[in-house]
Amino acid sequence: MWFDRKSGGEQMEPVIEHHQARMIAGYSFYGDPTHTHTGWTNENEIGRLWQRFITYCGRPEAKGSEMAQAPVNYEIHLHEEEAERGGDFEVFVGAEISEALSLSPQLCLKVLPEADYAIFTLRGRQIFGGEDCPIDEWLLTSGFRQALPFIVQRYDERFRGLDRIEESELDFLVPVVRVIG
């Protein structure tokens, strides 16, 4: 997988929070987002997706909108079974909105469902991660399972940018349900 939740060799425990449904407006990409450049870079498809979103938020028609002024942005990685076999998946970046009726036709809309989310906070180089995915380990031993096939990265004022990653924090949210039995 693409990130590592371990800190100092110990597994990081998430916080479990219940979130109401929320609408996220933004841009979407489907395919292999790292086929041109791997890792966290502005040069691959995810970086270019963020640039499209940031450019849109700076346009006159978007300035002043709740999306352009949102204090939190989201990156959602959607993994479907078919996509997992081929290595392609959907990446969506955007901001929360309260109403979709006046949404520009160039934007897409995703609704994050009401659910319990396991929230992992990563700091500094942890954000870049590695090949191991401790979320899978945590899910095996926690009494929870992933409820839906997506993971959300939540960007707020704690994320300082790729050039200041050592000073940054980023939350990863995984929808979960308690395993019965």
Side-chain angles (χ1 to χ4, degrees), residues 1-3 17 19-80 83-84 86-115 117-129 135 148-175:
M1 208 54 176
W2 40 267
F3 56 91
E17 290 182 356
H19 288 229
Q20 296 298 316
R22 65 186 68 184
M23 293 185 294
I24 311 294
Y27 287 96
S28 187
F29 169 83
Y30 183 85
D32 177 357
T34 61
H35 82 275
T36 56
H37 291 87
T38 59
W40 288 62
T41 175
N42 290 323
E43 305 301 319
N44 65 20
E45 280 66 20
I46 296 174
R48 294 189 347 222
L49 194 59
W50 276 107
Q51 288 304 312
R52 283 178 60 208
F53 175 70
I54 291 166
T55 298
Y56 174 82
C57 288
R59 290 187 183 144
E61 65 270 20
K63 284 192 178 190
S65 70
E66 70 179 319
M67 192 171 88
Q69 296 177 354
V72 177
N73 291 309
Y74 297 90
E75 179 175 317
I76 305 167
H77 292 226
L78 299 115
H79 297 267
E80 298 177 23
E84 288 293 322
D88 295 340
F89 60 96
E90 183 178 358
V91 179
F92 182 86
V93 301
E96 187 171 357
I97 61 170
S98 59
E99 185 176 299
L101 293 177
S102 61
L103 193 62
S104 170
Q106 46 200 134
L107 298 172
C108 299
L109 179 70
K110 295 285 183 193
V111 177
L112 293 179
E114 179 176 355
Y117 289 84
I119 303 172
F120 296 82
T121 300
L122 281 69
R123 294 168 183 85
R125 293 261 169 230
Q126 288 179 317
I127 294 170
F128 288 138
I135 286 179
L148 299 162
F150 64 86
I151 294 178
V152 178
Q153 296 172 22
R154 180 172 58 196
Y155 293 81
D156 57 23
E157 74 282 349
R158 298 170 301 147
F159 186 77
R160 309 275 191 239
L162 293 177
D163 58 337
R164 295 176 55 196
I165 203 70
E166 290 297 336
E167 306 165 35
S168 294
E169 289 186 9
L170 180 63
D171 293 332
F172 284 75
L173 291 77
V174 179

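Every residue two or more places apart in sequence or in another chain was checked for a ring pair (Phe, Tyr, Trp, His ring centres under 6.0 Å) with Phe92, and none qualifies. Applying the side-chain contact (heavy atoms from CB on, under 4.5 Å) criterion to Arg22, with sequence neighbours excluded, gives His19, Ile24, Tyr74, Glu96, Leu112. Pro149 pairs by the side-chain contact (heavy atoms from CB on, under 4.5 Å) definition with nothing, not counting sequence neighbours. Ile54 pairs by the side-chain contact (heavy atoms from CB on, under 4.5 Å) definition with Gln51, not counting sequence neighbours.
Sorted by first then second residue, the side chain to side chain donor-acceptor pair (under 3.5 Å) pairs that include residues 55-65, not counting sequence neighbours, number zero. Residues in residues 99-111 take part in these salt bridge (Lys or Arg N to Asp or Glu O under 4.0 Å) pairs, two or more places apart or across chains: Glu90-Lys110.
Taking each heavy atom of Ala95 and Ala70 in turn, the nearest pair found is CB-CB, 3.6 Å. Annotation for Ala21 and Val111: closest pair CB-CG1, 4.4 Å, computed over non-hydrogen atoms. Phe89 and Leu78 get closest at one heavy-atom pair: CB-O, 3.3 Å.
Between Pro71 and Glu157 there is no side-chain heavy-atom pair separated by less than 4.5 Å.
Residue Leu49 holds its CG atom at 9.5 Å from OH of Tyr27, rounded to the nearest 0.5 Å. Note that CD1 of Ile46 and CZ of Phe29 are 8.0 Å apart. Values are rounded to the nearest 0.5 Å. Taking OG from Ser168 and CZ from Arg123, the interatomic distance works out to 12.0 Å, rounded to the nearest 0.5 Å. Rounded to the nearest 0.5 angstrom, Asp171 CG and Phe120 CZ are separated by 11.0 Å. Here the CD1 atom belonging to Ile97 is positioned 5.0 Å from the CG atom belonging to Leu103, to the nearest 0.5 angstrom. In this structure, the separation between CZ on Arg154 and CG on Leu173 is 4.5 Å, given to the nearest 0.5 Å.
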Residue pair Arg160, Glu166: steps toward the side-chain contact (heavy atoms from CB on, under 4.5 Å) verdict: CA-CA 9 Å; Arg160 309 275 191 239; Glu166 290 297 336; over 6 Å; no
Worked verdict on Ile165 versus Phe159 for side-chain contact (heavy atoms from CB on, under 4.5 Å): CA-CA 8 Å; Ile165 203 70; Phe159 186 77; 3.7 Å; yes
Verdict with reasoning, Glu75 to Phe53, per side-chain contact (heavy atoms from CB on, under 4.5 Å): CA-CA 11 Å; Glu75 179 175 317; Phe53 175 70; over 6 Å; no
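One N or O on the side chain of Glu66 and one on the backbone of Ser98 form a donor-acceptor pair closer than 3.5 Å.
Ring pair Tyr117/Phe150 is tilted by interplanar angle, where 30° to 60° counts as tilted.
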